[in-house]
Amino acid sequence: MLEIGDDARIDKRVQFNHNDEVTIRVGDRAKFYRGTEFTGPVTVGDDVFINRDAYIRPHTTIGDRVNIGPFVRLVTDTHEIGPAERRAGAVRHDPIVIGDGSWIGASATIVGGVTIGSGSIVAAGAVVTEDVPDNVIVGGVPAKTLRTLPA
Ligand SMILES: CC(C)(COP(=O)(O)OP(=O)(O)OC[C@H]1O[C@@H](n2cnc3c(N)ncnc32)[C@H](O)[C@@H]1OP(=O)(O)O)[C@@H](O)C(=O)NCCC(=O)NCCS
């Protein structure tokens with residue numbers, strides 16, 4: 001199922017992959033530019049802006065008043081580490097949570113199992129492999145705290 005709130009401005013080139021068992025829920029006043037692909041289940045809060053070509057995978061939750069830059073990847077997919085002949089073993093999806101009011105910079109990658117705190121910024125190009133607290137800027141590969149922001 002696809003549930004979109006009121007006053008959405010969603011480019012027709014945004015793709016929502018859902019079915020009767022898998023729901024994508026988007027809050028009010030969504031503004032999504034072209035090219036993003038959502039694969040459910042995904043929940044998006046109110047007043048969320050998504051620039052072009054984000055890749056948003058199953059079991060992602062995005063809070064209210066979040067901005068997501070172009071080419072961001074929220075990659076919940078991962079594999080068990082398999083034997084040498086194929087290291088990418090069994091697939092699973094570890095949930096990602098993006099806290100209220102946060103800003104995810106261009107081309108950032110967030111891997112499965114990570115929670116981004118409320119009011120935080122992920123710098124452009126970061127690869128986030130660990131939880132991020134509230135009200136900080138993180139950046140780099142792997143992402144580290146660059147500085148703390150006022151609450
Ligand atoms: C993080 C950001 C917001 C700048 O924050 P800031 O605190 O003003 O950063 P500054 O420019 O003062 O730099 C502070 C430190 O962070 C580092 N830094 C800044 N951006 C960084 C990045 N993307 N990756 C890694 N380190 C970064 C700087 O090199 C500097 O390090 P130093 O103290 O060792 O010199 C900005 O660099 C950024 O990534 N913006 C995202 C832009 C974007 O995605 N736009 C899309 C709009 S939807």
Side-chain angles (χ1 to χ4, degrees), residues 1-18 22-79 81 87-88 91-151:
M1 294 204 298
L2 178 62
E3 300 173 5
I4 307 276
D6 296 333
D7 300 321
R9 292 161 63 193
I10 297 177
D11 189 282
K12 62 180 185 307
R13 291 162 291 182
V14 172
Q15 187 176 334
F16 294 100
N17 300 323
H18 62 93
V22 174
T23 298
I24 298 176
R25 188 173 289 114
V26 175
D28 294 338
R29 296 172 297 281
K31 188 177 179 189
F32 300 165
Y33 289 176
R34 67 176 157 139
T36 288
E37 180 187 293
F38 293 86
T39 300
V42 168
T43 301
V44 180
D46 295 332
D47 299 292
V48 170
F49 168 74
I50 302 181
N51 207 307
R52 61 175 292 190
D53 290 308
Y55 181 62
I56 299 175
R57 299 292 297 161
H59 302 288
T60 296
T61 302
I62 297 173
D64 297 330
R65 302 175 306 283
V66 170
N67 278 43
I68 293 188
F71 308 107
V72 163
R73 295 160 289 251
L74 306 180
V75 187
T76 56
D77 318 63
T78 189
H79 299 268
I81 295 178
R87 288 299 186 197
V91 181
R92 60 170 205 270
H93 291 96
D94 291 342
I96 291 175
V97 179
I98 309 294
D100 294 342
S102 57
W103 171 25
I104 312 301
S107 293
T109 298
I110 299 175
V111 303
V114 165
T115 293
I116 306 295
S118 300
S120 285
I121 297 172
V122 174
V127 176
V128 186
T129 59
E130 294 178 345
D131 287 354
V132 170
D134 295 349
N135 303 310
V136 296
I137 303 181
V138 299
V141 181
K144 301 290 178 201
T145 299
L146 299 174
R147 66 188 176 93
T148 299
L149 297 167

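Computed over heavy atoms, backbone and side chain alike; hydrogens, waters and symmetry mates excluded. Atoms within each ligand, like the ligands themselves, are counted from 1 in listed order.
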task = Could you tell me whether a side-chain N or O of D134 sits under 3.5 Å from a main-chain N or O of G117, the two making a donor and an acceptor?
result = no

ask   = Short check: is a protein heavy atom less than 4.0 Å from atom 36 (C) of ligand 1?
value = no

task = Could you list which atoms of ligand 1 come closer than 4.0 Å to a heavy atom of A106?
result = 43 (C), 44 (O)

ask   = How about atom 13 (O) of ligand 1: does it have a protein heavy atom within less than 4.0 Å?
value = no

key: Is_contact(atom 44 (O) of ligand 1), protein non-hydrogen, under 4.0 Å   = yes

request  = Within a distance under 4.0 Å of any heavy atom of G69, pick out the atoms of ligand 1 and give their elements.
outcome  = 48 (S)

query = Passes salt bridge (charged side-chain N to carboxylate O under 4.0 Å, His left out), D77 versus R57? Steps please.
reply = CA-CA 7 Å; D77 318 63; R57 299 292 297 161; 2.7 Å; yes

inquiry  = Looking only at protein heavy atoms, which one is nearest to atom 46 (C) of ligand 1, and what is the separation?
reply    = P70 CD, 3.9 Å

ask   = Would you call G140 a ligand 1 contact, heavy-atom distance under 4.0 Å?
value = yes

ask   = Which heavy atom of the protein is the closest neighbour of atom 6 (P) of ligand 1, given with residue, atom name and distance?
value = R147 NH2, 3.9 Å

ask   = Are R29 and D7 within salt-bridge range, i.e. N to O under 4.0 Å?
value = no

message = How close do I98 and S102 get, counting heavy atoms only, and between which atoms?
response = CG2-OG, 3.1 Å

task = For the pair R73 (side chain) and A54 (backbone), establish whether a donor and an acceptor sit closer than 3.5 Å, ignoring hydrogens and angles.
result = no

inquiry  = How close do I110 and I96 get, counting heavy atoms only, and between which atoms?
reply    = O-CD1, 3.4 Å

Sub-4.0 Å protein heavy atom next to atom 2 (C) of ligand 1 = no

message = I need the atoms of ligand 1 closer than 4.0 Å to a non-hydrogen atom of G105, numbered in the order shown.
response = 44 (O)

remark   = shortest atom 42 (C) of ligand 1-to-protein heavy-atom contact is with W103 CZ2, 3.8 Å

query = When you look at Y33 and F49, which way does the ring pair (Phe, Tyr, Trp, His ring centres under 6.0 Å) test go after all the steps?
reply = CA-CA 8 Å; Y33 289 176; F49 168 74; 5.0 Å; yes

key: Protein contact for atom 30 (C) of ligand 1 (heavy atom, distance under 4.0 Å)   = no

query = Does some side-chain heavy atom of D100 sit less than 4.5 Å from a side-chain heavy atom of S118?
reply = yes

request  = State whether any protein heavy atom lies less than 4.0 Å from atom 33 (O) of ligand 1.
outcome  = no

Heavy-atom pair with the smallest gap, counting every atom of I116 and V128 = CD1-CG1, 4.0 Å

request  = Please state which part of I137 comes within less than 4.0 Å of ligand 1, counting heavy atoms only: side chain, backbone, both or neither.
outcome  = side chain

inquiry  = So does P133 get a backbone contact from the side chain of S120, meaning a donor-acceptor N/O pair under 3.5 Å?
reply    = yes

task = Look at atom 23 (N) of ligand 1 and say which protein heavy atom is nearest, naming residue and atom and giving the distance to 0.1 Å.
result = A124 O, 2.9 Å

ask   = What closest approach, in Å, do T76 and T60 show between heavy atoms, and which atom pair accounts for it?
value = CG2-OG1, 3.5 Å

request  = Among all protein heavy atoms, pick out the one at the shortest distance from atom 20 (N) of ligand 1; state its residue, atom name and that distance to 0.1 Å.
outcome  = A123 CB, 4.3 Å

message = Please compare L149, N51, L146 and report which has the shortest non-hydrogen distance to atom 27 (C) of ligand 1.
response = L146

